[in-house]
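Let me begin by presenting the structure, written as structure tokens, before commenting on it.
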2 protein chains.
Amino acid sequence: MEYVYEAPVLTVDAVIFQLIDNQLNVLLVKRSRDPFRGSLALPGGYNSKGETTLAALDRILQSKTDLDKNKLRFIEQLYTFDTVARDPRGHAVSVVYMGLCLNVKVNVAKTTEQPRFVPVTKLPELAFDHQAIIEYAQERLASKVSYTNAIFGLLPKEVTLTQLQQAYEVVMGRKLDKRNFRKRILALNLLKPTTKYSSDGAHRPALIYAFRKQSLETSLKLID
Amino acid sequence: MEYVYEAPVLTVDAVIFQLIDNQLNVLLVKRSRDPFRGSLALPGGYNSKGETTLAALDRILQSKTDLDKNKLRFIEQLYTFDTVARDPRGHAVSVVYMGLCLNVKVNVAKTTEQPRFVPVTKLPELAFDHQAIIEYAQERLASKVSYTNAIFGLLPKEVTLTQLQQAYEVVMGRKLDKRNFRKRILALNLLKPTTKYSSDGAHRPALIYAFRKQSLETSLKLID
DNA sequence: ACAAAAGTGTTAAGAATACACCCATGT
DNA sequence: ACATGGGTGTATTCTTAACACTTTTGT
């Protein structure tokens, strides 16, 4: 190569999902600087020289949202966007990850970025193309849970079948038939029945099942 | 951010597939410099400041393999790798694209990189982790053609059903049943029968079909 | 006439879907 | 006793998979 190489700006952004009150929520921060100062945005930041994108992700989540990356039960690369006009410095390339977690509370007051989880159905206008990125991540997630066990990332190790079905329904955006769902999920052998029951109201207690694996298994055939 | 930002090295690599003699081939170049001097590698290079990754891809393919990007009938982002020790300068991030083309001849003597297509079944030891990247791209391609019409990227606008079936068989790595294949492919209405016939030997001529679209259509259900 | 690929339907097995009632508990 | 969600089976439809012979051409 004959020209002098100067690297473009490289950033990392994160789409972190969590179920709260049976709704899919996404982690957002408030921008303290232009462009889009005051708007909500995906947590993200610069990737430094010599730093892997996952290391940058870790650092950025920690510093901007006070969320420890090892609280993420599932993480995967989503896509790399050629972000336009992200930054006064000009064109930037952004590697975006998608993560799933559970029972994470972020403290709005903890950092200047005021991190918070927002239901994906109630997003305000977001900075940059982050709205579109979140939609893309939702599609990927819906597709992913239909042929892998990735749903475990949103749930505790032990669940009732109804909890599991509700998680699928929220992620996939449609209702599922209870009997068919149970047949399929049990046939896949992803769950092991425990001897415990969950009593959470004036009704018959539900048998609790444990996920056999908390790591990604693929090539399943869960839901069409 | 309080620290001085210095961007990591960003590179772009390409996995370009083409069918030659009913075999899946991939475009490779010979490295003229260390590391891996003399080894074959995927065509790739640095992404400059202010340049989109697709623009970089275009420039790199042009200069290293003399292949014009608009000869690619299909292109999509494959994955972004945190390449280790790619370069003496240290850690680099590499955005990898997958492309499909047809009837492209590259001239080994044209550039110092000596571009050539090599059957994926006959790859020598490659530089870096490029062997693994090609395998990943093959998996993606096999998956992609099973739920989209992406196969058009490897074929001319007009094909016989046997040509089409052979392309699927090569990409998916297994034989398909002729009658079932024809039923399914015709039911999807991706093809329009022409009135032409192909006579290429001492046997009954085959009816030629035309692809209705040369752009990606998704959510099909072609092959399991 | 023969070799070689094109073209064509049916059957059986398996998968997906639709659907309604009894059970165990808390109040 | 009643309200609430937990739990269960079958019949039907649709999809998939397996499978072999006739047709048309060139030599």
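So you know, we letter chains A, B, ... as the sequences are listed, proteins then strands, and number each from 1. Predicted, not measured: the structure shown is a model, and the values here were computed from it.
Per the geometry, NZ belonging to B:Lys175 stands 17 Å off P belonging to D:dC19, to the nearest Å. Atom CG of A:Leu164 is separated from atom P of D:dG6 by 12 Å (rounded to the nearest Å). Atom CZ in A:Phe181 sits about 12 Å away from atom P in D:dG7, given to the nearest Å. Rounded to a whole Å, the CD atom of B:Gln166 is 10 Å from the C1' atom of C:dA5. Remark: P of D:dG6 and CG of A:Asp200 are 7 Å apart, rounded to the nearest angstrom.
Distances from the side chain of A:His203 to the nucleotides C:dA4, D:dG5, D:dG26 place D:dG5 closest. The side chain of A:Lys221 lies closest to C:dA15, out of C:dG9, C:dT17, C:dA15. Checking C:dG9, D:dT4, D:dT8 against the side-chain heavy atoms of A:Arg179 singles out D:dT8 as nearest. Closest contact between the side chain of B:Arg204 and the listed nucleotides D:dT23, D:dG7, C:dG9 involves D:dT23. Taking only side-chain atoms of B:Asn180, from C-beta outward, the nucleotide of D:dG9, D:dA17, D:dG6 with the closest atom is D:dA17.
Side-chain polar atoms of A:Thr53 and A:Asn47 form no donor-acceptor pair below 3.5 angstrom. With no hydrogens or angles considered, a side-chain donor-acceptor pair links A:Thr162 and A:Arg182 at under 3.5 Å. In summary, the side chains of A:Asp66 and A:Thr111 do not present any donor paired with an acceptor at a separation below 3.5 Å, with no hydrogens or angles considered.
Distances shorter than 4.0 Å separate some side-chain N or O of B:Arg182 from OP1 or OP2 on C:dG7.
Looking at heavy-atom distances under 4.0 Å, B:Leu207 makes contact with sugar-phosphate atoms alone, never a base. Using a 4.0 Å heavy-atom criterion, one finds that B:Thr160 contacts no nucleic acid atom at all. Backbone-only contact: A:Arg184 has heavy atoms under 4.0 Å from sugar-phosphate atoms and none from a base.
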